[in-house]
Amino acid sequence: MADNMKMWKELGMDVEHHDELCSVLPAAVGDVFMSQENRPEKMDYFDFVLADVHGVRPAELVEFRKNGGKVFGTFCTYVPDEVILAAGGVATGLCAGSQFWVPGGEKVLPANVCPLIKASVGARLDRTCPFFRLVDRLIGETTCDGKKKAYEILAKDVPMTVMQIPSMRRPEDIAAWSEEIKKLIKIVEADTGNKVTAENLAENIKKINAKRKALMRLYDTRKAQNIPISGTDTLLIMQIAYYDDPVRFTQMVNTLCDELENRVKDGVSVFPAGTKRILLSGTPQSIPNWKLHNIIETSGGAVVCEETCTGTRYFENLVDEGGSTIDEMCDNLAKRYMDIHCACFTPNEHRIDDVIRLAKEYHVDGVIDAHLKFCTTYDIESYNLQNALKEAGIPVLSLETDYTENDTQQLKTRIGAFMEILG
Ligand code: BJ8
């Protein structure tokens, strides 16, 4: 702790204000995670990372920077980590998931902006998150209007690059994204002083594919009738995926999967028989936002799959490893990343197809489609999604929420009632 304090001060953090977050987090972790029964033993690594979330990994990154390394902060699953790693950099996800950071964002943003954006801006400008302090450059993207405009504010405080993401998926759009990736290569090369070569890009494509495969393995275990791991624990793993060292993370997920696959074989479940299997779709849950998972899993439900960017959108589909030149590899990266079905795309029937496919693959009893307040794209897309689910005979509940606790009771009532209609 004393070392953390020294590091936080050196990072220019507002340590007094940050202490307020540190004082509430352990209780929240206890309530949400430690109260669960029969957790897999190999969650111990992820619990350890969480217990010192602003200490362990930031200390590694501080050390990396002392040795001349560059850290790039990202806000979206479309930004390809492979390119950053190939230049010898480190990528770290920065989306913030706590109400603690929202008032800081509201100092410079209108109140009617999505809490993820407000919290991310607040975490940087209020100097209350070490990850936001130690990045050398932010890499944004033009996925939604709120983010786009918030990046203009952040760009006054820290070097920023914004990638122009197309909003359609025609061949020319995929080619355009490939060009954006090539521009990103130039930027990370200039920052790190390292060249991205065909060899190191190929190596890092394989590295991140291995991470995706480990997560696919994890998710596959949740398709079993007996559910070997809670959705809440899986969500924590997905959140850590955004900032942990990718090789170590892959190894830890695979170790956990060994245990989970044995649990599946042995019929071990973390939920009693009859617990309703839920697919959660919609906007991502950034750390430490565990609100919906916690409510669902203490209301007679089990989240068995997340169709979110802290879920399947993060790891489904591998990058083709067949490219031999940088151009071919950028095209392969573009194809894979443009196959993420975020609501910022139009038309986006692929996402609706995905939700129905996942509902079947994970044998769910119902879908909860949830988006953050003021996220217009997911809010509007919910109409077509709900209709398609109803047509497919899959019960659906649509919710809108934020990071506050104000609606917790109301959510419990609505989710509880939904569990009851699932029979
Ligand atoms: S690929 S979901 S990570 S954009 S919730 S900030 S969309 S107003 S987070 Fe996202 Fe990339 Fe899409 Fe995934 Fe805007 Fe909506 Fe807020 Fe959002």
Side-chain angles (χ1 to χ4, degrees), residues 73-81 91-99 101-102 105-106 109-124 138-154 162-169 173 177 180-181 184 212 215 235 238-239 241-243 280-287 289 291-292 306-317 333-334 336-346 348 350-352 354-355 369-382 385 398-404:
T74 63
F75 298 89
C76 179
T77 349
Y78 280 101
V79 176
D81 288 356
T92 187
L94 286 182
C95 296
S98 169
Q99 181 62 24
W101 288 301
V102 168
E106 285 179 345
L109 292 166
N112 59 351
V113 168
C114 130
L116 189 152
I117 298 171
K118 287 190 287 193
S120 300
V121 170
R124 169 74 202 183
L138 300 180
I139 302 178
E141 62 338 291
T142 56
T143 43
C144 73
D145 289 350
K147 277 189 185 179
K148 264 192 297 207
K149 301 313 284 182
Y151 293 147
E152 294 173 13
I153 295 173
L154 287 174
V162 178
M163 297 179 78
Q164 163 73 37
I165 192 146
S167 51
M168 292 190 174
R169 289 192 189 86
D173 298 314
W177 191 237
E180 285 295 298
I181 295 174
L184 179 63
R212 294 189 182 107
L215 291 170
L235 174 63
M238 293 306 305
Q239 291 170 334
Y242 276 89
Y243 62 88
L280 186 66
S281 66
T283 48
Q285 281 88 36
S286 310
I287 201 164
N289 177 12
K291 181 174 168 180
L292 279 177
E306 297 80 9
E307 184 277 324
T308 64
C309 284
T310 38
T312 54
R313 290 203 293 267
Y314 184 71
F315 61 79
E316 280 204 324
N317 304 318
L333 285 164
R336 187 268 157 193
Y337 278 91
M338 290 289 280
D339 215 12
I340 299 168
H341 302 144
C342 173
C344 60
F345 278 79
T346 184
N348 200 29
H350 295 310
R351 174 165 171 250
I352 293 171
D354 276 349
V355 175
D369 181 44
H371 56 266
L372 288 168
K373 253 184 205 160
F374 307 116
C375 177
T376 320
T377 51
Y378 279 89
D379 191 3
I380 295 173
E381 192 159 282
S382 187
L385 178 62
S398 171
L399 297 174
E400 180 175 79
T401 186
D402 57 17
Y403 292 169
T404 67

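No experiment lies behind these values; they were computed from the predicted model shown. Order of appearance sets the numbers: ligands from 1, and atoms from 1 within every ligand. Residue numbers count from 1 along this sequence.
Close contacts between ligand 1 and Thr143 involve ligand atoms 4 (S) [criterion: under 4.0 Å to a heavy atom]. Within the listing of ligand 1, atoms 1 (S), 2 (S), 4 (S), 12 (Fe) sit less than 4.0 angstrom from a heavy atom of Cys342.
A donor-acceptor pair under 3.5 Å is absent between the side-chain atoms of Lys291 and the main chain of Gln285, judged by distance alone.
Only side-chain heavy atoms of Cys114 come within less than 4.0 Å of ligand 1; its backbone N, CA, C and O stay farther off. Contacts between Ile117 and ligand 1 below 4.0 angstrom, taking non-hydrogen atoms only, involve the side chain exclusively. The proximity of Cys144 to ligand 1, defined as any non-hydrogen pair under 4.0 Å, is limited to the side chain.
Looking at every heavy atom in both residues, Ala370 comes nearest to Leu292 through CB-CD1, 3.4 Å.
Using cut-offs of 30° and 60° on the angle between ring planes, the pair Phe75 and Tyr151 is tilted.
For atom 13 (Fe) of ligand 1, the closest non-hydrogen atom of the protein is Cys309 SG, 2.3 Å. Of the protein's heavy atoms, Lys147 NZ, 3.8 Å lies nearest to atom 10 (Fe) of ligand 1. Protein heavy atom closest to atom 11 (Fe) of ligand 1, with residue, atom name and distance, is Cys76 SG, 2.3 Å.
Between Asp369 and Arg351 there is a salt bridge, since at least one side-chain N of the basic residue sits less than 4.0 Å from a carboxylate O of the acidic one.
A side-chain N or O of His341 and one of Asp339 form a donor-acceptor pair less than 3.5 Å apart.
Taking the ring axis of Phe345 as reference, the NZ or CZ atom of Arg169 stays within 45° of it and closer than 6.0 Å to the ring centre.
Using a cut-off of 2.8 Å, one finds that Cys344 contributes no N/O/S atom close to atom 12 (Fe) of ligand 1.
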